[in-house]
Amino acid sequence: GQQVQQSPASLVLQEGENAELQCNFSSTATRLQWFYQHPGGRLVSLFYNPSGTKHTGRLTSTTVTNERRSSLHISSSQTTDSGTYFCAIDNAGAKLTFGGGTRLTVRP
Amino acid sequence: AQTIHQWPVAEIKAVGSPLSLGCTIKGKSSPNLYWYWQATGGTLQQLFYSITVGQVESVVQLNLSASRPKDDQFILSTEKLLLSHSGFYLCAWSGGQGWEQYFGPGTRLTVL
């Protein structure tokens, strides 16, 4: 089945630093989504990005489908960015496979 | 705008007791609905999905079952809880034509 690897598993930043989160997957994905999970558990969709580059605010997602990888770039990090970031892949049907997540801590 | 609600917010249950978790989506007709489970500190695992009323597909069962009695409602249940059922349960929806999934606030379950 589909495998999704995220790196790093955890990351600690000082406020204002940038972060690059990676997602690699084992077979071609037709759909890819990035999520942010609040420390309290709420899961929020950041990007639906099966290919190309998308921006929203300080976040940029780039997916290179034929290389089976995606990245999430966070610029000028803030303490409120702390939480866990997941990428999730689907290559057919309704089954969504999540990576292990990157736990981000941003210190003031 | 679409809203998704889950109930209860949290539960503490005994091993062997029954469980029923609910999810309702408002503002979207004929959504695709999904159940996920997350162990503490772990990743999310898809359990079930439903494309239409009365139809539920199992992805990973974990001794749980799901039903969709109404277009806007998805229920997760079991007759006998196990310790391994503890965790965070999330319901999600997607549009009929699109695939992007949107998640509810979740239910935290502790089995003692």
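So you know, we letter chains A, B, ... as the sequences are listed, proteins then strands, and number each from 1. Every heavy atom of this structure was used, including side-chain atoms; hydrogens, water molecules and symmetry mates were not.
- With a 4.5 angstrom heavy-atom cutoff, B:Gln45 does not touch chain A via any of its atoms.
- B:Ile4 and B:Ile51 end up in the same hydrophobic cluster when Ile, Leu, Val, Met, Phe, Trp and Tyr side chains are linked at under 4.5 Å.
- Chain B forms the most heavy-atom pairs under 4.5 Å with one residue out of A:Thr97, A:Leu43, A:Leu96, and that residue is A:Leu96.
- Linking Ile, Leu, Val, Met, Phe, Trp and Tyr residues whenever their side-chain heavy atoms come within less than 4.5 Å leaves A:Phe25 and A:Val64 in two separate clusters.
- Contact of A:Gln6 with chain B is not made at all, since no heavy-atom distance falls under 4.5 Å.
- B:Gln38 contributes atom CD, which lies 8.0 Å from atom OG1 of A:Thr84 (distance to the nearest 0.5 angstrom).
- Between the side chain of B:Thr43 and the backbone N or O of A:Gly99, at least one donor-acceptor pair lies under 3.5 Å.
- Scanning both residues, B:Glu100 and A:Ser45, for their nearest heavy atoms gives OE2-OG, 2.9 Å.
- For the residue pair B:Phe103 and A:Arg42, the shortest heavy atom distance occurs at O-NH2, 3.4 Å.
- Connection of B:Val59 to B:Ile75 is not established within any shared hydrophobic cluster, with ILVMFWY side chains joined at heavy-atom distances below 4.5 Å, either directly or through further cluster members.
- For B:Ile12, the CD1 atom counts as loosely surrounded, since its 6.0 Å shell holds 12 or fewer non-hydrogen atoms of other residues, nucleotides or ligands.
- Residues B:Phe74 and B:Trp7 fall into different hydrophobic clusters, defined by Ile, Leu, Val, Met, Phe, Trp and Tyr side chains chained together at heavy-atom separations under 4.5 Å.
- Both B:Tyr89 and B:Leu83 are members of a single hydrophobic cluster when ILVMFWY side chains are connected at heavy-atom separations under 4.5 Å.
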